[in-house]
Structures are given as C-alpha cells and as structure tokens.
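Atoms within each ligand, like the ligands themselves, are counted from 1 in listed order. Just so we're clear, the structure is a prediction, and the values are computed from it rather than from any experiment.
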Amino acid sequence: MKAHKTKVVERIELPDREAREANLDEAGYNVFNLNADDVYVDLLTDSGTGAMSDEQWAALLRGDEAYAGSESFAELESAVEDVMGFERVVPAHQGRGAENLLYGALVDDGDVVLNNTHFDTTRAHVANQGAEAADCPAEIAFDADADAPFKGNFSVDRAREHVERVGAENVPVVVLTITNNSAAGQPVSVANTRDAREFADEIDATFVIDACRFAENAYFVREREPGYEEASVASIAREQLDYADALVMSGKKEGLVNAGGFVAVRDPDLFDRVKQRAILFEGFPTYGGMAGRDLAAMAVGLREAVDLARVRDRIEQVRDLGERLRDAGIPLYWPPGGHAVYVDAGEMFAHVPTEEFPGQALVCELYREGGVRAVELGEFAFPGTDRPDLVRLALPRRTYSREHVEHVVDTFAAVADRADAISGLEVIDEPEMAELRHFSARLQPV
Ligand code: F0G
C-alpha cells in the first residue's frame with residue numbers, strides 16, 4: 001500500500017528511438033556518460049536519488065548554518081540517539097567520507113578487515129590503509145536460486161579461517177553490512193548479528209555495522225525471523241544496531257536525503273580520534289562537510305526511515321518489480337533485495353562471452369529499448385574477479401510509481417524477445433585505474 005502522495009513533480013520524457021541510439025553512441029555505450037535528462041526511468045542507484053518528504057523540506061528551511069554548535073547538528077544527534085542508539089556522532093559529506101574517518105582511525109598497514117561483503121568504497125578505504133579486505137559471505141549468498149531468508153549473513157566459519165591464517169592480533173575490525181549490497185542486497189538476521197558480535201569479542205575486534213540500509217534490513221527481520229512478527233521496525237533496528245561498537249552511515253540511502261552521512265561510536269577515545277580526522281578531511285565535527293540544512297533534513301529522514309508504512313511500501317515495490325520480471329521469464333537472483341533487483345545477464349545473453357560483457361550489453365539494450373538506466377556489476381565493473389554477470393536495478397525511494405515499474409518490465413520483455421540478436425561490447429578507451437573503469441570507459445559493439 002502506498003505510504004505517500006505526490007506534492008511536487010518533475011517532468012520526464014522518453015526520447016524517441018533514434019535519439020536514444022544517438023545518445024548511446026555518444027556515451028560510448030557507457031550509461032554513466034548519459035545525461036540524466038535523456039533517461040526515462042533511472043535505476044542506476046538508490047543513493048541520494050530519492051524524494052524527500054514535506055517535513056524534510058520544511059526542516060531544510062530551518063537549517064542552522066552555524067559553523068560550530070549548529071542546532072541542526074543537535075537535531076541529528078538526537079535522531080541518531082533515538083533511532084540508532086548512539087550518543088556520539090560525527091557527520092561526513094557521504095558514506096565514503098564516514099568510512100575514511102572511521103577506518104582511518106581503526107585500521108593500520110598489514111591488518112585484515114572482515115566483512116560479510118565489502119561494498120566497493122569500503123574495500124577501497126581498507127586498501128587505502130594498507131590493509132586486506134576479506135569477505136566472509138554465507139555460502140548460500142552465491143546460490144542465485146535458493147529462496148532463503150538471510151542470504152546476506154556473515155559467515156563466522158569463514159571469518160575463523162582468516163583469523164587462523166593471519167592471527168587475531170591482525171584483525172582489528174569486523175564489519176557487518178546491512179543489507180548486504182554486494183550480495184544482491186540480501187538481509188542479515190538479528191541472530192547472525194549476535195553471532196558476529198560474539199566472534200568480534202572473541203578476537204577483541206571493534207564491531208562495526210555499515211547501516212546504510214538498516215531499516216530495510218529490519219523490515220526483512222520482521223517478515224522472516226521467528227519471534228519478530230509483532231515487533232516494530234524501529235525496535236528491531238535498535239536491537240540490531242545495539243550490538244555494534246560503531247556505525248558508518250550513508251545518509252543518501254536510509255537517511256532519506258540527497259547528500260550526507262556520519263560515523264557513530266560508543267567509545268569516547270575513538271570518538272576523539274574520529275573527530276580529529278573529521279577536522280582534517282570533512283569539516284568541524286558539528287557539520288562534517290554537510291550544510292546545516294542537510295543535517296536537519298537527515299535528522300528528519302532517519303526518523304521517517306523506520307516508519308513501518310514507509311519501509312513496507314518500499315520493499316513491496318522492489319519485490320513487485322522482481323516478481324513481474326520473474327513472471328516475464330527474466331533470470332534473476334532470488335529473492336529480490338531490499339533496494340534492488342539483480343538480473344543474471346550471463347544467463348539472459350548466454351551467447352555473449354564474459355569477455356564481451358553480457359551485463360553491459362543488457363544495460364545498453366535497456367536504454368536503447370526503453371530509456372531505462374541500470375548498472376552492470378559483472379566483468380565490466382569488476383574485471384577478472386569471476387563475479388556473475390549481474391545487472392542491478394536499484395529503485396530510488398519514494399520516487400517511481402507502478403507505471404514506471406511496468407514500463408521497466410515491458411522493456412525487459414522486448415529485449416528478451418530479441419536476445420539472440422544482441423551482440424557483446426569491447427572497451428576502446430579506459431582510464432588508468434582498472435577498478436574505476438566502469439565509471440568512464442568507452443565501448444563499442446563487437
Ligand atoms: N556502504 C554501502 C553498503 C553502500 O552501498 C555505499 C554506497 C556506501 C557504503 C558508500 O556511501 O555513496 O554515500 O559514499 N552505495 C551506492 C550504491 C553508491 O549505488 O550502491 P556513499
């Protein structure tokens with residue numbers, strides 16, 4: 001059931017087929033190079049692309065732009081304490097800024113960081129400290145068809161193997177990413193959070209939760225974990241986050257804002273160290289690279305994030321997209337995640353070899369066919385890593401209607417009808433850093 005109605009609208013347009021062809025060619029078959037105006041339904045990311053509520057827009061006007069001691073910061077502190085249970089908060093301009101503050105304070109050269117699955121920027125910040133980012137996903141995370149409730153879980157067994165390999169003294173941090181973005185947006189159970197916490201205690205590591213999509217995760221717990229059927233999303237979120245020593249948060253997800261993030265910690269010493277780094281990299285610790293008005297909007301957004309009606313509407317829309325695509329015969333990772341549906345392009349375009357990027361070929365066809373923008377997360381984005389050739393359809397929060405979802409499904413059906421005629425792509429120009437090539441490389445059909 002819809003938990004909002006529309007108050008402000010933005011005009012969108014589907015360019016005609018000829019224009020879409022030309023745009024694609026001009027963009028070098030890389031949808032990051034498209035003008036957003038030329039995109040009809042934009043499923044590139046759920047990060048910073050959602051709609052704010054009227055209450056958030058009102059908060060923007062009341063934002064306090066004081067350099068130090070801003071009232072908007074106090075509002076954020078109180079929201080983080082009420083919603084997430086942490087008293088010590090340091091804002092940052094977005095999630096990766098928060099990662100830089102926290103991991104820079106906790107991780108040293110030669111260390112190993114364990115995570116159910118590192119998101120790309122997390123991995124990069126761990127590497128930037130000279131440390132190794134080791135993933136510990138549950139075995140079932142790799143089974144695209146297993147309809148299991150918590151495929152995002154942390155594997156304590158895998159984590160133990162890493163500790164045996166490098167020694168507990170070299171593992172300062174254990175991270176739990178909820179939901180697990182790099183494992184198809186799958187949730188993590190409260191029971192698994194408790195196990196991961198106990199494991200971190202056992203090896204004397206700091207236990208961090210990447211809480212970007214904490215309310216979506218709590219909704220799945222309510223739906224799927226025995227004993228939580230009657231609990232509120234707010235109380236489940238609090239219970240799960242209570243296990244953590246520290247949080248990293250991208251406000252662009254379930255802060256329900258277009259920019260912002262923060263670190264939250266319990267330990268006063270760690271708080272001081274993070275604040276010192278904030279002054280160096282983000283700004284004075286009562287604004288941390290954010291405008292006062294954005295702090296105010298994020299404070300309101302965090303409270304809205306755990307509203308059951310809001311998050312139910314959200315999860316149901318993503319699930320509806322997944323179910324409609326599955327009914328249309330599109331091969332998917334199952335079940336759909338909290339923020340996105342993941343399509344198996346390797347299976348859909350089985351005739352296109354991995355070296356010719358079946359995922360990127362699908363991304364281009366979706367734009368050509370229906371002006372839909374998705375993102376490739378396979379061989380093109382992560383060269384040589386043996387990842388399955390998945391394409392992610394991430395839904396911005398509170399933005400699109402059922403008609404948009406139907407348009408995406410119709411677009412897929414049309415592409416699937418002529419799948420055999422679609423060819424792969426080759427890279428003709430790429431930047432020096434292979435890790436970043438999917439943001440700017442240019443390609444052409446083979
Ligand atoms: N952690 C997770 C789990 C994320 O999904 C992201 C961003 C970040 C950290 C970094 O946050 O973008 O505010 O700096 N994910 C976006 C995505 C970019 O499209 O999945 P950020």
K.L.:
What is the closest protein heavy atom to atom 10 (C) of ligand 1, and at what distance does it sit?
P.N.:
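Nearest neighbour among protein heavy atoms for atom 10 (C) of ligand 1, to 0.1 Å: T121 OG1, 3.5 Å.
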K.L.:
Nearest protein heavy atom to atom 12 (O) of ligand 1, by residue and atom, and its distance?
P.N.:
R96 NH2, 2.9 Å
K.L.:
At less than 4.0 angstrom from any non-hydrogen atom of K252, what atoms of ligand 1 do you find?
P.N.:
13 (O)
K.L.:
What protein heavy atom lies closest to atom 4 (C) of ligand 1? Include the residue and the distance to one decimal.
P.N.:
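The closest one turns out to be F119 CD2, 3.4 Å.
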K.L.:
Against heavy atoms of D210, which atoms of ligand 1 measure under 4.0 Å?
P.N.:
1 (N), 2 (C), 3 (C), 9 (C)
K.L.:
Taking atom types as modelled, find out whether Q240 and T193 have a side-chain donor-acceptor pair closer than 3.5 angstrom.
P.N.:
yes
K.L.:
For the residue pair N181 and R392, confirm or rule out a side-chain donor-acceptor distance under 3.5 Å.
P.N.:
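Checked: N181/R392 side chains pair up, N/O donor to acceptor below 3.5 Å.
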K.L.:
Please could you name the atoms of ligand 1 that C212 approaches to less than 4.0 Å, counting only its heavy atoms?
P.N.:
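Taking each heavy atom of C212 in turn, ligand 1 has 1 (N), 2 (C), 3 (C), 4 (C), 9 (C) under 4.0 Å.
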K.L.:
Can you tell me which residue and heavy atom of the protein come closest to atom 15 (N) of ligand 1, and the distance to 0.1 Å?
P.N.:
K253 NZ, 3.0 Å
K.L.:
Between the side chains of Q129 and D111, does any donor sit under 3.5 Å from an acceptor?
P.N.:
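Judged by distance alone, the side chains do not pair up.
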K.L.:
In ligand 1, which numbered atoms sit nearer than 4.0 Å to a non-hydrogen atom of T177?
P.N.:
3 (C)
K.L.:
Using a strict cut-off of 4.0 Å, indicate which atoms of ligand 1 neighbour a heavy atom of R392.
P.N.:
17 (C), 19 (O), 20 (O)
K.L.:
Keeping to residues at least two apart or across chains, list the side-chain hydrogen bond (donor to acceptor under 3.5 Å, both in side chains) pairs with something in residues 292-307.
P.N.:
S53-E304, S78-R303, D82-R303, E304-R398
K.L.:
Should the pair R273-D269 be classified as a salt bridge under the 4.0 Å nitrogen-to-oxygen rule?
P.N.:
no
K.L.:
Would you say the side-chain atoms of R20 and Y367 include a donor-acceptor pair closer than 3.5 Å?
P.N.:
no
